[in-house]
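To start, the structure itself, in structure tokens.
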Amino acid sequence: MQTPDTPMTRLSLVVPVFNEQDSIDAFIAECDHHLAGLKGLSLEYVFVNDGSTDDTLERLLAQVDADPRVTVVDLSRNFGKEAALSAGINAAQGDAVVPMDVDLQDPPALIPVLIERWREGFEVVLARRSDRGQDAWLKRTSASAFYRIHNLISEPSIPPNVGDFRLMDRVVVDALRDLPESRRFMKGLFAWVGFRTAIVDYQRPARHAGQSKFSGWRLWNLALEGLTSFSTAPLRVWTYLGLTVSMLSIAFALFIVFKVIVNGIDVPGYASVIVALTLLGGLQMMGIGILGEYLGRTYLESKRRPVYLVRRIHRRNH
Ligand code: UDP
Ligand code: MG
């Protein structure tokens, strides 16, 4: 239990927003409803406007005028949720930081529970979806396939069904800020920094308003980003595949020589030649594609471009 003389702790809610004009007011109202009454806790809202083209920025600025707890980091264009999250985490000043979606799919009612575990001494408190009933079948199965493949080939593994919604202590946030890479797969980075971790389960509600910003293609690219950022297994597997195929073809060559010696000259089948040719061609192209995937990432990383650009940070006293 909190007593009146417990020192104030500051909690930052970091919220990336992209075309979410209808969710912002409801989000703040809902968070205040569950959090404003908590003793010993002061709130900070850090919204990151990720290049919205609707009235999102106007709504956010109205909140900045009305409420000194609100900060708005206005990015110069849409950089994507991962970059926007980095921007928000870098701007947050709290003793603990909670990244949240503005669509109320990360329920504010859970935050007091996260805080409780944090006060018990955990530096990271993960919120895990106890079911994926809200998602379509395809999203559910592809998500579980992603976690399985990722965790098979990557170190460290990321806990399945845990999104960006979590509470992080200041030490964790500072560690994240020190990671140098500019291609940011946040789930992977969150897992990479480690620290003492607790898990809290919750039911994920449906979106409050508007549409999901993640199409199948965007999710596919996010999955590729995750796999290639944290594993080199797709590169190395070609060595073994190549080795196996070469051994098989040497064995086959020996077999043919043997057959010619025993049976005399034979006219080989056209079909088997074409199959072998196209199969090997396909494998080689895939191998080159995977090399390209990594080379492209190395190239982009080597430019050392910033993760995002800020047009302006809006705060009440600035
Ligand atoms: N978002 C963002 N930039 C983007 C796409 C999404 O800042 O390019 C924000 C979005 O406004 C929301 C959060 O990321 O607050 C999660 O997006 P969404 O709800 O569409 O994802 P889903 O819940 O469907 O995975
Ligand atoms: Mg959502």
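As the structure lists them, so they are numbered: ligands from 1, and atoms in each ligand from 1. None of the values given here were measured: they were computed from a predicted structure.
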So does [X] have more than 12 non-hydrogen atoms from other groups sitting under 6.0 Å from [atom1]?
{"X": "Phe195", "atom1": "CZ", "result": "yes"}
{"X": "Arg305", "atom1": "CZ", "result": "no"}
{"X": "His34", "atom1": "NE2", "result": "yes"}
{"X": "Trp192", "atom1": "CH2", "result": "no"}

Which residue supplies the protein heavy atom nearest to [atom], what is that atom called, and how far is it?
{"atom": "atom 22 (P) of ligand 1", "answer": "Ser212 OG, 3.8 Å"}
{"atom": "atom 18 (P) of ligand 1", "answer": "Arg207 NH2, 3.5 Å"}
{"atom": "atom 5 (C) of ligand 1", "answer": "Lys213 CB, 3.6 Å"}
{"atom": "atom 4 (C) of ligand 1", "answer": "Asp50 OD2, 3.4 Å"}
{"atom": "atom 23 (O) of ligand 1", "answer": "Gln105 OE1, 2.8 Å"}
{"atom": "atom 1 (N) of ligand 1", "answer": "Phe18 CB, 3.8 Å"}
{"atom": "atom 14 (O) of ligand 1", "answer": "Lys81 CD, 3.3 Å"}
{"atom": "atom 21 (O) of ligand 1", "answer": "Phe214 CD1, 3.3 Å"}

Check [X] against ligand 1 and report side chain, backbone, both or neither, counting heavy atoms closer than 4.0 Å.
{"X": "Val15", "answer": "neither"}
{"X": "Arg218", "answer": "side chain"}
{"X": "Glu20", "answer": "side chain"}
{"X": "Val102", "answer": "both"}

**Q.** Ligand-residue contact atoms, ligand 1 with Asp103, heavy atoms, under 4.0 Å
**A.** 19 (O), 23 (O)
Q) What atoms of ligand 1 come within less than 4.0 Å of a heavy atom belonging to Asn78? A) 3 (N), 4 (C), 8 (O)
Q: Give me the ring orientation class for Phe252 and Phe255: parallel if the planes are under 30° apart, tilted from 30 to 60°, perpendicular past 60°.
A: parallel
(Q) By the definition side chain to side chain contact (heavy atoms under 4.5 Å, CB included), identify the one residue from Val125, Leu11, Val113, Val98 that meets it with Trp118. (A) Val125
Q. Can you name the one residue among Asp106, Val200, Asp101, Leu126 that meets side chain to side chain contact (heavy atoms under 4.5 Å, CB included) with Phe165?
A. Asp106
Q. Between Glu44 and Gln93, is there a donor-acceptor pair closer than 3.5 Å when you use the side chain of the first and the backbone of the second?
A. yes
Q. Does NZ or CZ of Arg297 fall inside the cone over Tyr299's six-membered ring, less than 6.0 Å from its centre and within 45° of the axis?
A. no
Q: Please work out which of Ala143, Pro16, Ala83, Ser23 has its closest non-hydrogen atom nearest to atom 15 (O) of ligand 1.
A: Pro16
Q. Quick one: does Leu227's side chain get under 4.5 Å of Phe146's, heavy atoms only?
A. yes
**Q.** Presence of N, O or S from Asp103 under 2.8 Å of the Mg ion (ligand 2)
**A.** yes
